[in-house]
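Note sheet for the following structure.
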Amino acid sequence: MIRRCCRRLSRHAVSVIAHLMIKCMHIYCFYRTGAIVKYTDLLERGSSEAQVQAFLSDGEPTPITIRVPKNLKEAASEVARLRGVSFSAFVRNCLIKELSGRQ
């Protein structure tokens with residue numbers, strides 16, 4: 001099936017994609033079977049950056065309240081607007097970058 005979808009890719013690229021899909025499916029199945037997966041579990045297993053990001057992005061939205069200086073909130077809102085995203089999306093991206101190890 002993967003080869004049909006990826007005819008233009010080299011065999012090595014197809015095998016890398018298949019390997020990544022298997023790793024992602026393993027974590028997805030572990031997560032969906034009712035086993036509780038925590039952020040620290042992913043780090044201890046040596047999960048890839050993409051797997052950590054997928055884990056952090058999954059789940060029901062939860063409202064939160066944080067207190068920040070007005071200037072910080074206004075600056076973040078301005079940057080979000082310039083990037084064409086909502087303030088919430090900007091904050092989520094910052095958190096995901098920090099927690100997944102991206103700098």
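All values derive from a computational prediction rather than experimental measurement.
Counting heavy atoms from C-beta on, the side chains of Arg92 and Leu95 never come closer than 4.5 Å. You'll find the side chain of Ser88 stays beyond 4.5 Å of the side chain of Val91, heavy atoms only.
Between the CD atom of Glu49 and the CD1 atom of Ile96 there is a distance of 11.0 Å, given to the nearest 0.5 Å. Going from atom CD of Gln53 over to atom CG of Asp58 covers 13.5 Å, rounded to the nearest 0.5 Å. Here Leu56 contributes atom CG and Lys97 contributes atom NZ; the two are 14.0 Å apart, rounded to the nearest 0.5 Å. Note that CG of Leu72 and NZ of Lys70 are 13.0 Å apart. Values are rounded to the nearest 0.5 Å. Taking CD of Glu78 as the start and CZ of Phe87 as the end, the distance is 12.5 Å to the nearest 0.5 Å. With rounding to the nearest 0.5 angstrom, the OG atom of Ser100 is 7.5 Å from the OH atom of Tyr39.
A donor-acceptor pair is defined here as one N or O able to donate and one able to accept, closer than 3.5 Å; no such pair exists between the side chain of Glu44 and the backbone of Asp41. Distance alone, capped at 3.5 Å, is enough to place a donor-acceptor pair between the Ser77 side chain and the Lys73 backbone.
In terms of hydrophobic clustering, with Ile, Leu, Val, Met, Phe, Trp and Tyr side chains grouped at heavy-atom distances under 4.5 Å, Phe55 and Leu99 are assigned to a common cluster. Val85 and Ile64 are assigned to two separate hydrophobic clusters, defined by single-linkage of ILVMFWY side chains at heavy-atom distances under 4.5 Å.
Listed here is the closest heavy atom pair of Ala80 and Ser86: CB-O, 3.8 Å.
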